[in-house]
Number of protein chains: 2
Amino acid sequence: MKALSKSKAATIYEVARHAGVSIATVSRALRDSDLVTESTRARVRAAVEALNYTPNQLGRSLAEGRHAANGIVFPDLTGPYYAEVVLGYEEAASELGRSVLILATHGRRDAEAAVLDLAGRVDGLAVMGNTVGDDTVRSIAATGVPLVLLARPPVDGVDTIRTRNERTAAELAAHLLAHGHRRIVFVGDPEAAPDMAGRYAGLAKTMRAHGLPKPDCRPCSYDVEAGERIGAQLMADPPDAVVCANDEVALGVHLAAEAAGRSVPHDLAVTGWDDVLAARFAGLTTVSQPMRELGATAARWLDGRIAERTAGPERATPRRRVLPTQLVVRRSCGSHPVEIPSPLGGTA
Amino acid sequence: MKALSKSKAATIYEVARHAGVSIATVSRALRDSDLVTESTRARVRAAVEALNYTPNQLGRSLAEGRHAANGIVFPDLTGPYYAEVVLGYEEAASELGRSVLILATHGRRDAEAAVLDLAGRVDGLAVMGNTVGDDTVRSIAATGVPLVLLARPPVDGVDTIRTRNERTAAELAAHLLAHGHRRIVFVGDPEAAPDMAGRYAGLAKTMRAHGLPKPDCRPCSYDVEAGERIGAQLMADPPDAVVCANDEVALGVHLAAEAAGRSVPHDLAVTGWDDVLAARFAGLTTVSQPMRELGATAARWLDGRIAERTAGPERATPRRRVLPTQLVVRRSCGSHPVEIPSPLGGTA
DNA sequence: CGTGGAAATGAAAGCGCTTTCAAAGTCGAA
DNA sequence: TTCGACTTTGAAAGCGCTTTCATTTCCACG
C-alpha cells in the first residue's frame, strides 16, 4: 500500500493522479458512464483499489444538489411502536436509494432546533407524534423540504398519515359493553396526542350512545411503571374495565391488579393498544396497527414529493391518509365462549 | 438542473443580498461569531426570517471537512434488541452534536455496497452483528473512517464492544443442572453469530464439566414462528430443557409446548436471552443485556476516535470491551422455592 | 485635524465531486 | 493521404458554505 500523506481519506484527485487521468474521467468511470474505455475504467478501478478510495458523499451530494437522504423524527424508540415505523421507513427509503437520518426528541429541550438542523440535511422529512410544534412544522414546510406528518395533528398544506383511532376505539367500547362492563376508566391523556384523543373520543361516544356517562380519564405517561402506579390507585375502587392508551400501560395495570389480588378478567377487564409481543403472552385485548406500513408509506410519499419538486414548482394539494387498525380480542376483556388457554395464545 | 428561483430553498447569497451584507458576514452572524455588530446580526436575522432560510448542511459540512454525522449498521429492528442499541447510540451521538444515519441490512443482497456508501457519509460508523464480512470492515477501516464493531467478531485493529455470553450461559446451564435437568437442547445457530457461539460454548462447557454429552443444537432463525416450528419438532421427544438463543425463539418454543399439551416448566424448562418485555409476562428465565449502554459506548468511542484522527495520524491500539450481562430467573426454568404468581411477574 | 490600532466587513480561496463544453484522438471512406 | 464523424478525455465552472487575509471603518488620543 502506498504511503498515505496523512491518515486522511483519499480524494478523487489522488485517484486521478494515480491512474494518470483527469478527475472527470475518474468520476465517469466510477459512475458507470459509457463514456470511458474499458481499459481506462480498469486503470481507474486499480487506482481506487490501491488507494482504498471511497467517494466523499458530501462532495457528490453538493454537486448533484441532493442529499440522497431522508430524515425521520420520533419521540422515542422504546417499545416496538416507533421502532417498527422507523424500520418500515428505512426499508422503503433504502429501496429508493436514500439513506435515513433519525432523530429522537425524547427529553431534549432543544428539539425544535435539532429538527430544523435535520431539515437542512435531508431531501425529505417525516415527523412523528408530538415531537415539535406546528410552528416548526410550518417553518420547515416553508423552506421547501417535503414533509410528512405521522400520527400527528395535520398542519395546513402538509401531508399527513394517521391510523384509525376513534372508530376502532368505539368498536372496543362496544365489545366491553357487550361483556356487561359499565364503569369504564380510560388511562391516558387525550390532551397529549391526537391518537390518544381519538381513542378517548371513540370510547366516550359509544358510552354516550348507551346512555352512560363520560368515562373517567387518568392521564399517564406511556410505560409499564406508570401503568402500575395508576393501576394501584384504581384498585382502591376497581372499575369494571380499564381501557389503556397503549399496551405498556395496560400491562402495568394488569400487574397492579394481580398485585392487589384482583384477577383479570374476572374482577376487572383491561385493554391496551398496539399489540406488542408481550400483549399476546399476557392475553391482553388490544388493537393492532400497521406500523411498518405507516413508515413505508411516508417514505414513498416523500419520494414522490421530492420528484415533483425537482420537476416543477407547482404545489400539489396535501394528501391525507388514515390506515386501518384492528381489534385483537384476547382474554383480558372478559370471558369468551371459547376460552384461550393460559398464559399463552390469542386470536388475531 | 434548472434553477427555478421559485420553489428552491434560499441560499446564503440571497440572505446576504437581502440584508445588504456579504455572505461572510451572514455566516458569521449565524454562527454566533463575536466579529459582527449587534445591529448587523439583527439585520441578518431579519433576512433569515423573511426568506425562511435554513442553512444547507451539505455546504457547511463540506467546508468544515466533517459530516457531523455518525452511522450505525444493524441487521434488523424487530424486537427490542437492536432498537435499544440504536436508541442508546442516537442519544449519545446527539449529545455530542452528531446526527445518526441508520442502515438495516436485513435481506439486502447489496448490503456490502450499501455499507461502503454509508461509510462515505459519516465521520464514524458502528457495525452490529453479522451484517457485513471482515473484508468490508477492513476496507472501511483502511479508508480511515473510525469504526466500532458491536456484538461481532473482532477484526484486526478495529475497536470492538461485546456483551458477555459464555460466562452467563455457563451460569444459566449450572442453574438448569441444579434443577435436575440433564437432557438439554440448544435452539440457535452457533455458526451464525459469535454471540450465539458464546452462548452455546458456555452451555456445552458446563455440561462437559458435569460429565454430560455435548448438547444437541437446532439452528433456527430468531423469531417466534421459527421457535414454534422447532418447538413442535422437539415435542415428539421432549428434552428436559430447551435453551434458546433469544427470547423470541424461547417464546415460540413455549407456545409449541403448550400447544402440544406440555406444561412449562413442569414437563420441560425453556430459557431465552435478551429479557424482552414479553419475557416478563411469560415468566421466561432469560438474560438481560445492557443494550442501551452498548450503543452509547459505541457513540462515545467513535467521538474519541474522530477527535484523535483530526489531531494526528498516529494509530492507537484497538480497544476491546465486554459488557456484563445478567441472568434473570423466572418460572420457565423449573420450580423455585417461592413460586411466582401466574401469568405475571418475575424477579429482576 | 491627523493617526495608529482595534473592530467590523468583504473578497476570494477552497472543501470533493459532477457535468458541460471544448479539445484531442480514432477510424473508415473518399 | 485527407476529411469528416464519432468516441474519449480534460479543463473548468459550479454546488453552498467556512475561513483566511486584506480592506475599510470607527474611535480615542495626540
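Every chain is numbered from 1 and lettered A, B, ... according to where its sequence line falls, protein lines coming before strand lines.
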- Each nucleotide of nucleotides 17-24 of chain D classed B (base within 4.0 Å of a protein heavy atom), S (only sugar-phosphate) or -, in 5' to 3' order, makes BBBB----

- Message: Ignoring hydrogens and geometry beyond distance, is a side-chain donor-acceptor pair present between A:Arg321 and A:Thr297 at under 3.5 Å?
- Response: no

- Task: Using only heavy-atom distances, determine whether the side chains of B:Arg108 and A:Ser94 contain a donor-acceptor pair under 3.5 Å.
- Result: yes

- Message: So does A:Asn70 get a backbone contact from the side chain of A:Asp123, meaning a donor-acceptor N/O pair under 3.5 Å?
- Response: no

Side-chain ion pair, [X] and [Y], N-O less than 4.0 Å:
{"X": "B:Glu308", "Y": "B:Arg305", "value": "yes"}
{"X": "B:Arg31", "Y": "B:Glu64", "value": "yes"}
{"X": "B:Asp34", "Y": "B:Arg41", "value": "no"}

Give the rounded distance in Å between these two atoms: [atom1] of [X] and [atom2] of [N].
{"X": "A:Asp34", "N": "D:dT7", "atom1": "CG", "atom2": "P", "value": "10 Å"}
{"X": "B:Glu38", "N": "C:dA7", "atom1": "CD", "atom2": "P", "value": "16 Å"}
{"X": "A:Leu35", "N": "D:dG10", "atom1": "CG", "atom2": "C1'", "value": "13 Å"}

- Closest to the side chain of B:Thr37, out of C:dG10, D:dG10, C:dA8, is C:dA8

- Verify the contact: side-chain N or O of A:Thr40 to OP1 or OP2 of D:dT8, cut-off strictly under 4.0 Å; return yes or no. no

